[in-house]
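In what follows, a structure is listed as structure tokens, so that the remarks can point back to it.
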Number of protein chains: 2
Amino acid sequence: MPAKRAADAQPAGMTAHESVYRTLRERILIGGFAPGMAVTLRGLADTLGVSVMPVRDAVRRLIAERALMMQDNRRVLVPEMTRSKFNQVVFARQSMEPELAARALPSMTASDIKALQAIDQSIDRAMSKGDVEGYMRGNFQFHFAIYKLARNDMLLGLVESVWLQFGPFMRVAYGRYDTSKLEDFHQAALKAMRSGDEAGLRAAIAADIGQGMSFIGDEVLAHAEAGGKGARTHAYVPARAAS
Amino acid sequence: MPAKRAADAQPAGMTAHESVYRTLRERILIGGFAPGMAVTLRGLADTLGVSVMPVRDAVRRLIAERALMMQDNRRVLVPEMTRSKFNQVVFARQSMEPELAARALPSMTASDIKALQAIDQSIDRAMSKGDVEGYMRGNFQFHFAIYKLARNDMLLGLVESVWLQFGPFMRVAYGRYDTSKLEDFHQAALKAMRSGDEAGLRAAIAADIGQGMSFIGDEVLAHAEAGGKGARTHAYVPARAAS
DNA sequence: GCGACCCCATTGTGATCACAAAATTCGCGA
DNA sequence: TCGCGAATTTTGTGATCACAATGGGGTCGC
């Protein structure tokens, strides 16, 4: 049996394609790929220790979800962020996520809230250690643990698609600036959940999105646009480029 | 050269996969597949006159877009509609489509509106002829011709994904009942566009969605649920099953 | 007559190969 | 030293084959 590196530990019954997909998806959400970075099927296949077929399937799936894009040359790369696209992301998030949270509220149990608190604490720990990856993973878990409770698969899928599209970009922002400056709206959200305050929960989620996104947008987009839009180099290097 | 049946006429530079994808997607949006109907890679490949690889790519893409689904058996089939999923579709449409229309309004030119009118007339023609397929195609074109003008690719993509998910279901409804009973909210929408009335346009789109969906939901879901939820047979036969 | 069981056709998955197009590299010439 | 072009490498696409699992159909036993 050939030695596989990542994408291992298939929970029995998972196809290679599924395993590769989850690995890549996780990496995108955590910001493991830099915007503008090119990915190749054979390159990923070598890295993950599988043949090109499962990688091909996974990459096509991610392209369908807009997490990756294919340009006319048929070259696959991580999409760049533009001001326009950024505004679309913000609007989409603000439209759907507070709504999902509000719909999750009625079915929320005490243990659900406890679990969310634990996630939020892990976010704090990651932040104090300067662990950007841990922060992003926690942030993702916090939001989607809430949204899942709404039991609205369609809206949930749409929101996931949006997150996949700004994941790489978020990493650039959080990698460049100190996350500890951010006000913690998660606490406000938790408080609203405990008291069953729907309006408060909506507001907290909206504020969390608004802060995070405006933070990202102002800093990074201004930077990118000032630095010239053509084929700029990326100071940021992915966490595990070829490890 | 082997004789191809459908998916022909590749506009030069289109891959076989892309061609197959568009063919299948069109067919789904028009309701060419019945909910619950199983599709096989080799079957589609034979029908379309291509090998299984492009079909495999296209089907996986449609699965990623939730237009098709793969059950645990790894069998691919057209998703069924449930009451819960249906409510989610309605809510998602009501959330996004009036907004998209409103955003399209400012950049709408007289010729845009003329084109929309032409589409609406083709819908009337199809309706009077009892041409369900033409009606659905026209309805899709009418809505998305508007939404495209908003220049919001993200929201547009999300809406497309939602349409793909209720396409087969809509066909069941429209195939079973007479569409001529429907009030024409497209005219109201066109009137609002001409006068630049954003609120009116939002209302017209919302009403169009509300009418169409409640029509579908009340009739078909009630029917489906009354008829027993287990492995029922489908009276409806796809337009070109094996032609 | 009916049910359980076995066999085989069919399914999606994945590997490997061939191919054309694109990008990169190398070398030649000015 | 620099620019341009040809050769080579690398890319995604698609075809074909092998394989394991699933499902259906037919047959045998009761």
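Residue numbering restarts at 1 for every chain, and letters A, B, ... go by the order of the sequence lines.
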### Message
Expressed as a whole number of angstroms, how long is the span from D57(B):CG to dT13(D):P?
### Response
7 Å
### Task
Report the distance from atom CE of M69(B) to atom P of dG12(C), rounded to the nearest whole Å.
14 Å
### Whole-Å gap separating P (dG12(C)) and CE (M53(A))
13 Å
### Length of the line joining M14(B):CE and dT13(D):P, which is rounded to integer Å
14 Å
Any N/O pairs under 3.5 Å between the protein and nucleotides 8-12 of chain D? List them or say none.
{"from": "dG12(D)", "atom 1": "OP1", "to": "L41(A)", "atom 2": "N", "distance (Å)": "3.2"}
{"from": "dG12(D)", "atom 1": "OP2", "to": "L41(A)", "atom 2": "N", "distance (Å)": "3.0"}
{"from": "dG12(D)", "atom 1": "N7", "to": "R42(A)", "atom 2": "NH1", "distance (Å)": "2.7"}
{"from": "dG12(D)", "atom 1": "O6", "to": "R42(A)", "atom 2": "NH2", "distance (Å)": "3.2"}

### Query
CD of Q71(B) versus C1' of dA21(D): gap in Å, rounded?
14 Å
#### Entry: Short side-chain donor-acceptor distance under 3.5 Å, S84(B) and T82(B)
no
#### Entry: Distance, rounded to the nearest Å, where L77(B) contributes CG and dT22(D) contributes C1'
14 Å
#### Entry: Separation of I28(A) CD1 from L68(A) CG (nearest 0.5 Å)
4.0 Å
### Task
Rounded to the nearest angstrom, tell me the gap between atom CG in D72(B) and atom P in dT13(C).
13 Å
### Task
Evaluate the side-chain proximity of R93(B) to F166(B): yes if any heavy-atom separation is below 4.5 Å, no if none is.
yes
#### Entry: Whole angstrom value for the distance that separates P of dG12(C) from CG of L68(B)
11 Å
### Task
Answer yes or no: does atom CZ of R66(B) have more than 12 heavy-atom neighbours from other residues, nucleotides or ligands under 6.0 Å?
no
### Query
So, does the side chain of R56(A) form a donor-acceptor pair with the base of dG14(C) at under 3.5 Å?
no
### Query
Are any side-chain N or O atoms of E99(A) and backbone N or O atoms of S95(A), one a donor and one an acceptor, separated by less than 3.5 Å?
no
### Task
Assess the pair F144(B) and Y147(B): is the distance between their ring centroids shorter than 6.0 Å?
yes
